[in-house]
Amino acid sequence: MSKGHQRTVEGEISTETEDDGHHVHSHDINSSYEGNWILTDTLKAGDLVEVTPLKGDQLFIVKCKLVYLGSGDGYEKANS
């Protein structure tokens, strides 16, 4: 199995065809799906994240991964 977090998903896809001016009919498209996704873009050691501490600093909300888009004068200095 691939390394990552596995999630079971299910849902409904609904849409309808559009009249393109040449065809005079349209119909609905409805389809159910279910399956498993393996998310492999997980956090790695050394990643910078935004966190909010909760309840006695033992529980944290990880909000997002931070990405430095500068020209070599931010993230590198913070980690040296």
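The figures here come from the full heavy-atom set of this structure, side chains too, leaving out hydrogens, waters and symmetry mates.
In this structure, Gln58 has no side-chain contact (heavy atoms from CB on, under 4.5 Å) partners at least two apart in sequence or on a different chain.
Taking 4.5 Å as the limit, some side-chain heavy atom of Leu43 sits within range of a side-chain heavy atom of Val49. Between Arg7 and Asn36 there is no side-chain heavy-atom pair separated by less than 4.5 Å.
In terms of heavy atoms, Ser32 sits closest to Glu12 at OG-OE1, 2.8 Å.
Other cluster members for Leu54: Leu59, Ile61, joined by side-chain heavy-atom distances under 4.5 Å among Ile, Leu, Val, Met, Phe, Trp and Tyr.
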- Message: Applying side chain to side chain contact (heavy atoms under 4.5 Å, CB included) to Lys63 and Thr52, what does each step give before you reach the verdict?
- Response: CA-CA 8 Å; Lys63 293 184 177 181; Thr52 300; 2.9 Å; yes
- Please assess Lys65 against Leu48 for the test side chain to side chain contact (heavy atoms under 4.5 Å, CB included), listing each intermediate value before the final yes or no. CA-CA 6 Å; Lys65 178 179 174 180; Leu48 296 176; over 6 Å; no
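Interatomic distance, CD of Glu10 versus OH of Tyr33, reported as 8.5 Å (0.5 Å rounding).
More than 12 heavy atoms of other residues, nucleotides or ligands sit less than 6.0 Å from atom NZ of Lys44.
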